[in-house]
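Below is one structure, written out as structure tokens, with a few remarks after it.
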Amino acid sequence: MSSVARYLASSPPSSSREGHDDSNNERLGFTRPSTTTPDLTSLPGNETFLRAAVSLKDQVVKATWEGERSSGKGLDPTVYTGLLGTAFTCLRSYEATGNRQDLLLCAEIADKCAAVARVLASRHVTFLCGRGGVYALGAVVADMVGDQRKRDLHLNLFLEVAQEKALSVGPEEGGFGMSYDLLYGRAGFLWAALFINKHLGEENVPSELLMPIVDAVLTGGRAGASDNPSCPLMYRLHGTRYLGAANGVAGILQVLLHFPLSEEDAEDVKATLRYMMANRFPHSGNYPSSEGNPRDKFVQWSHGAAGMAITLCKASQVFPGDRDFRTAAIEAGEVVWKNGLLKKVGLADGVAGNAYAFLSLYRLTGESIYEERAKAFASFLYHNARQLVTAGQTITHGTEHAYSLFQGLAGTACFWFDVHVPENSRFPGYEL
């Protein structure tokens with residue numbers, strides 16, 4: 001049995017490994033695994049993960065929703081750390097089990113979040129951290145439930161957001177206060193629109209609204225890269241050129257790859273990816289969190305190889321003739337595997353998020369080793385997730401996010417649902 005399999009079946013980390021540092025990326029202290037297929041003979045099977053996912057989903061609902069039914073005071077209505085992440089988890093549960101009660105609960109929670117979002121009038125319009133996600137998920141779930149009135153209400157609210165001037169105009173740094181990144185900027189809004197059109201049908205959010213925003217993202221990227229001829233597209237957030245999925249280039253390109261691009265635009269996207277590939281850390285193969293950052297510390301979705309692996313998988317699908325993207329995706333997955341397990345459970349900076357790199361590679365290549373690696377990480381979470389949360393090792397901003405989608409256990413539940421049927425897996429808020 002490999003070192004990963006042995007560790008996954010062992011007890012939770014000892015107290016000497018507890019706590020976290022400023023890197024948000026502490027790794028568990030064990031021998032790095034080999035690159036061979038893990039021995040899974042003693043690990044839980046798919047049905048075990050499904051049952052665990054349903055049970056954990058129920059706990060997430062109890063912890064985040066049952067105390068909020070009569071009060072919206074202080075409620076976070078977002079997907080990333082808020083109550084809408086619970087709704088998303090219920091939707092994923094419905095998709096996995098067909099339990100209509102999950103769908104109805106998702107709709108109820110989405111309506112509550114929409115009411116709060118209208119009052120707060122948040123300046124963010126993205127899927128993960130803003131009104132875009134509230135209205136997008138609200139419209140999709142209302143359509144699934146068969147409530148045409150609510151579907152149209154949420155969709156119209158989303159279309160109102162789509163016409164905000166700051167989305168389609170402005171140079172680098174966001175022009176009128178709108179950044180370009182996935183969490184807070186234009187790419188995150190575009191992802192919300194893609195989510196609607198996937199579930200409700202193309203042109204529910206019309207291309208005449210979306211393509212000017214896509215053009216603005218491309219224009220802003222070219223302006224941001226004007227001092228670097230080898231990199232056609234570059235973006236800044238608060239003055240920093242982030243490269244990762246959450247706030248940087250990888251997340252922006254992931255979204256652009258879903259849109260029809262001209263030959264020139266496609267070449268710029270490809271050249272930007274190759275620039276990032278060429279600037280990996282030479283010894284580890286990991287990706288810097290920001291341009292010029294010498295610290296090789298972040299191997300996770302938000303900043304590092306895990307997020308890049310998923311983006312490179314998408315690039316390989318869009319540009320199948322460019323084999324270097326497929327190769328780089330596989331190499332990024334190896335970085336995630338060799339670096340082992342993190343001390344957090346969530347999607348942003350934890351084990352669940354990193355494991356989605358393996359699920360993406362499984363869908364890209366069809367090779368069973370990636371499904372098995374995802375299951376190895378899933379087994380670690382099966383044995384240790386609750387203890388890690390209790391120890392306070394997984395939460396960046398305190399225990400209030402312990403059950404959230406991106407910082408806590410809701411992300412683990414979604415990951416277990418996806419491990420159950422890996423060919424249908426998709427990273428929440430990142431893959432479609």
- Audit row: Y287, L243, side-chain contact (heavy atoms from CB on, under 4.5 Å) steps and yes/no: CA-CA 8 Å; Y287 288 78; L243 301 179; over 6 Å; no
- Tightest non-hydrogen contact, residues M277 and A328, listed as CE-CB, 3.7 Å
- Between the side chains of E203 and S207, is a donor N or O closer than 3.5 angstrom to an acceptor N or O? yes
- Taking the six-membered ring for Trp and the single ring otherwise, decide whether the centroids of Y430 and W301 are under 6.0 Å apart. yes
- Does D143 use its side chain to pair, donor to acceptor, with the backbone of A139 at less than 3.5 Å? no
- How many angstroms lie between atom CG of L432 and atom CD of Q254, to the nearest 0.5 angstrom? 8.0 Å
- Using only heavy-atom distances, determine whether the side chains of S262 and D265 contain a donor-acceptor pair under 3.5 Å. yes
- Could you tell me which non-hydrogen atom of F319 sits nearest to which non-hydrogen atom of A266, and how far apart they are? CE2-CB, 4.0 Å
- Message: Between S360 (side chain only) and A357 (backbone N and O only), is there a donor and an acceptor less than 3.5 Å apart?
- Response: no
- Message: Quick check against the 3.5 Å criterion: does Y235 have a side-chain atom that pairs as donor or acceptor with the backbone of V217?
- Response: yes
- Message: Any heavy-atom pair between the side chains of V249 and T272 that's under 4.5 Å?
- Response: yes
- Query: Any ion pair linking D324 and K270 (charged N to carboxylate O, less than 4.0 Å)?
  - Reply: no
- Task: Test side-chain contact (heavy atoms from CB on, under 4.5 Å) on D349 and L342 and set out the steps.
- Result: CA-CA 8 Å; D349 303 308; L342 307 179; 5.6 Å; no
- Indicate yes or no for a side-chain donor-acceptor contact from T126 to the backbone of G185 under 3.5 Å, with no hydrogens or angles considered. no
- Message: Looking at K375 and E371, is there a salt bridge between them, counting it only when a charged N and a carboxylate O are closer than 4.0 Å?
- Response: yes
- Shortest non-hydrogen contact from S290 toward T240: CB-CG2, 3.7 Å
- Task: Starting from the C-alpha separation in whole Å, work towards a yes-or-no answer on side-chain contact (heavy atoms from CB on, under 4.5 Å) for L128 and T78.
- Result: CA-CA 6 Å; L128 293 178; T78 70; over 6 Å; no
- Item | Beyond-backbone contact of E108 with W65, side-chain heavy atoms, under 4.5 angstrom | yes
- Side chains of L405 and P428: closer than 4.5 Å at any heavy-atom pair? yes
- Query: Below 4.5 Å, heavy atoms only, C-beta onward: do M276 and M308 meet side chain to side chain?
  - Reply: yes
- Message: Ring centres under 6.0 Å, that's the criterion: do F127 and F158 meet it?
- Response: no
- Out of curiosity, R51 CZ to L56 CG, how far, rounded to the nearest 0.5 Å? 14.5 Å
- Item | Nearest non-hydrogen partners of A96 and F417, listed with the distance | CB-CD2, 3.6 Å
- d(N293 CG, H303 NE2) to nearest 0.5 Å is 10.0 Å
- Item | N424 side chain reached by E95 side chain, heavy atoms, under 4.5 Å | no
- Item | S93/N99 under side-chain contact (heavy atoms from CB on, under 4.5 Å): CA gap, chis, key distance, verdict | CA-CA 8 Å; S93 180; N99 185 344; 5.7 Å; no
- Please check if any side-chain donor atom of D296 sits under 3.5 Å from a side-chain acceptor atom of N286, or the reverse. yes
- What do you reckon, are the aromatic ring centroids of F358 and Y370 less than 6.0 Å apart? no
- Query: Is any side-chain heavy atom of V318 closer than 4.5 Å to a side-chain heavy atom of H258?
  - Reply: no
- Separation between SG of C231 and CZ of R241, rounded to the nearest 0.5 Å: 8.0 Å
- Sub-6.0 Å ring centroid separation between H420 and F49: no
- Message: Could you check whether any side-chain N or O of N197 sits under 3.5 Å from a backbone N or O of V205, counting only pairs where one atom can act as donor and the other as acceptor?
- Response: yes
- Could you tell me the separation between the SG atom of C414 and the OH atom of Y356, rounded to the nearest 0.5 Å? 5.5 Å
- Message: Tell me which one of R100, K150, R151 satisfies side chain to side chain contact (heavy atoms under 4.5 Å, CB included) with V145.
- Response: R100
- Item | From CG (D418) to CZ (R426), nearest 0.5 Å | 6.5 Å
- Query: Are the side chain of N156 and the backbone of L153 linked by a donor-acceptor contact shorter than 3.5 Å?
  - Reply: no
- Task: Examine distances only and state if a side-chain atom of N354 and a backbone atom of V299 form a donor-acceptor pair shorter than 3.5 Å.
- Result: yes
- Message: Test side chain to side chain donor-acceptor pair (under 3.5 Å) on N247 and D181; report intermediate values, then the result.
- Response: CA-CA 5 Å; N247 298 118; D181 64 308; 3.1 Å; yes
- Item | Side-chain donor/acceptor of E164 to backbone N/O of E160, under 3.5 Å | no
- If we ignore angles and hydrogens, is there a donor and acceptor under 3.5 Å between the side chains of S425 and R363? yes
- Message: Can you tell me if E423 has over 12 outside heavy atoms packed within less than 6.0 Å of its CD?
- Response: yes
- W337 side chain vs R373 backbone, donor-acceptor pair below 3.5 Å: no
- Query: Is any NZ, NE, NH1 or NH2 atom of the basic residue among K314 and E431 found under 4.0 Å from an Asp or Glu carboxylate oxygen of the other?
  - Reply: no
- Minimum heavy-atom distance between F415 and L359, given as atom pair plus value: CE1-CD1, 3.8 Å
- Query: Within a radius of less than 6.0 Å around CZ of F195, do more than 12 heavy atoms belonging to other residues, nucleotides or ligands occur?
  - Reply: yes
- Task: Determine the minimum heavy-atom distance between G251 and L182, stating which atoms define it.
- Result: O-CD1, 4.4 Å
- Message: Quick check: do S316 and D322 have side-chain heavy atoms less than 4.5 Å from each other?
- Response: no
- Message: Measuring only between side-chain heavy atoms, which start at C-beta, is Y184 closer than 4.5 Å to M178?
- Response: no
